[in-house]
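Values reported hereafter were calculated over all heavy atoms of this structure, with side chains retained and with hydrogens, waters and symmetry mates removed. Because the structure is a prediction, the values reported are computed rather than measured.
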Amino acid sequence: MPKLAGAQILWECLVREGVEVVFGYPGGAILPSYDAMLQYPIHHVLVRHEQGASHMADGYARASGRVGVCVSTSGPGATNMLTGLATALMDSIPVVAITGQVGTKVIGSDAFQETDVTGVSLPVTKHNYLVTDVHELPHIIREAFHIARSGRPGPVLIDIPKDVQLATMEFEYPTAPLHLPNERLLQRYAPMEYFERAAQLIAQAERPLILAGHGITLSGAEQEVLEFAEKHNIPVTLTLLGIGSFPAEHPLCLGMMGMHGGVCANEAIQNADLLLAMGMRFDDRVTGNLKTYSPYSKKIHFEIDPSEINKNVKVDVPLLGDLKASLQKLAPLVAPKRHDAWLAHLKNELEQNPMRDVLDWESADGLMSEHVVHDIWTATQGEAIVVTDVGQHQMWEAQYYLHNKPRTLITSGGLGTMGFALPAAIGAKLACPDKEVWVIAGDGGFQMTLYEMATIVQEKLKINIAILNNGYLGMVRQWQEFFYDARYAATPILSPEFTKLAEAYGIPGYLVEQRADVMSVLEEVRSSSGPALIEFRVKMEDAVYPMVPAGANLQDMIKREKAAQPL
């Protein structure tokens, strides 16, 4: 057995875990590991801020399904990554964060760049470790990757003091089976009688509806869900993170549900007599007022995390366990059944959808964001990986870019992290180098992490950036318009000339202000060999419709009236 330092053991273990790319920023407490990194076949991406590292690892994981890895030094380096770890935790994304720490002998002495990283990261990680003995390091790394990717995925942090990185031991990669506390509890499945009860409810239902969530993709159950919906003629509506888990252009797909979901999707939930919630957690942005949520329906909840069962919505049959395995177990128990009247009703509702009217409008008073997003979809034929920031543009993307494949919409759902898009797109592009990758961001969120354009250039990545610039923090402004008598407190935002800023980083910039120019610029950007940025100057006070006010009944949507068409 070779004798290796802790810093070498770190990279040995990462290589054996299949890691090919890490995102990080060096510093004193992690420097031994950076020095050892040069001996190993792992590509390191130098970020411009450690928050970018955790978002890149997140984007890498979402696009690939593998564990994303980020690295930083102690103190501010580690705390800068916390927002990205919180984002990954809320959306169940497998990330392993490696942080340096001051030497074990000075922990607790307020040494230079010392922070209690395990303490501050406890609420935003699935698990974390402080390694105090080099002999524990190989087992901890292996365990951390297992925890990150198993069950309900999530971020795990490993804090490694500098003297542990320098200490040596005879290294042998651990291969013994892992036995983690409570893991058997988390791997349990619902008893057979629950599946039989679920089959009975499905057989009795006249107006069933599938609620498709992110867990479908995390489980790899897209084909099972598609076959189940087609076999039993059950329509499907999607959460924001569920987009792509069921083809948007499938005849059974009703589109996104919730606060900015479609009218038909929300009204279907309120009128259904059976909900089959698959890999979703009944988030408040999905349900609206819990007291009036889907009042006529029985509810079957497919869920891997026991803590989510009955947390927000009381269900009739909880089917605990991995979704793919649960559907395989349930499918033979359910006979095919038609729901022609229910489907005909929903088809009629979809045809009355006023959202689609917007695409035919000719706007004389400015470029509409909806048009831009739809034109990007048309130009890319719906085949791109789109990474959005958070705000109005995020909802317009969800409404007007139709995703037929999983892992093609990458966005911050649960935490709603502004600044997510640009670094997450870097991770996605490195995970899927042959895929076309687009950033769609607002002028506010983009300014939070725009410095990562330097990382794009240094890594020679072909990433296209679309900024929808309306001069406001758009979603907050919309709330102010609707609920605060249009008192725009602190929402007008000044931006730089994004095209010149991009050019300063070495990225060609384009400015588009008219619909007639959109497609030609999109084609020019797509045909170029390097990254590009397009600033779309869009209408300043457009709003996302429909909208369910916070805490309101799901059916009480604020809708765009046809009379609102610009002249």
Cation-pi, Y472 ring and R477 (6.0 angstrom, 45 degrees): yes

Residue pairs passing the side-chain hydrogen bond (donor to acceptor under 3.5 Å, both in side chains) test where at least one lies in residues 497-506, sequence neighbours excluded: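 Non-adjacent pairs meeting side-chain hydrogen bond (donor to acceptor under 3.5 Å, both in side chains): zero.
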
Non-neighbouring partners of D389 that pass salt bridge (Lys or Arg N to Asp or Glu O under 4.0 Å), sequence neighbours left out: none

Salt bridge (Lys or Arg N to Asp or Glu O under 4.0 Å) partners for D542, two or more places apart: R560

Candidate pair R62 and D91, rule side chain to side chain contact (heavy atoms under 4.5 Å, CB included), full reasoning: CA-CA 10 Å; R62 293 185 200 233; D91 291 349; 3.0 Å; yes

Could you check if a side-chain atom of [X] sits within less than 4.5 angstrom of a side-chain atom of [Y], using non-hydrogen atoms only?
X    : Y    : value
F246 : I216 : no
R152 : R281 : yes
P496 : Q447 : yes
V95  : L85  : yes

More than 12 heavy atoms of other groups within 6.0 Å of Y510 OH: yes

F483 atom CZ, over 12 foreign heavy atoms within 6.0 Å: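 Enclosed: over 12 neighbouring heavy atoms sit under 6.0 Å from CZ of F483.
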
H55 and F23: CA distance, side-chain angles, deciding distance, ring pair (Phe, Tyr, Trp, His ring centres under 6.0 Å) verdict: CA-CA 9 Å; H55 286 326; F23 307 91; over 10 Å; no

Looking only at heavy atoms, what is the nearest atom pair of [X] and [Y], with distance?
X    : Y    : result
V390 : G416 : CG2-C, 3.5 Å
A265 : M256 : CB-O, 3.4 Å
M280 : E303 : O-OE1, 3.6 Å
V538 : L468 : CG2-C, 4.2 Å
T83  : L415 : O-CD2, 3.8 Å
G59  : I410 : O-CD1, 4.1 Å

Side chain to side chain donor-acceptor pair (under 3.5 Å) partners for D322, two or more places apart: S219

Ring geometry between Y401 and W377 (parallel below 30°, tilted from 30 to 60°, perpendicular above 60°): perpendicular

Test log, rule ring pair (Phe, Tyr, Trp, His ring centres under 6.0 Å), inputs W396 and Y400: CA-CA 6 Å; W396 282 316; Y400 293 100; 8.1 Å; no

Qualifying salt bridge (Lys or Arg N to Asp or Glu O under 4.0 Å) pairs, either residue in residues 427-441, two or more places apart: E436-R526

Qualifying salt bridge (Lys or Arg N to Asp or Glu O under 4.0 Å) pairs with a residue from residues 393-422, counting only residues at least two apart or across chains: E383-K405

Close aromatic pair by centroid cut-off 6.0 Å: H260 and Y545: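 Aromatic pair excluded; centres sit 6.0 Å or further apart.
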
Basic-acidic side-chain contact under 4.0 Å: K539, E541: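 No, K539 and E541 are not salt-bridged.
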
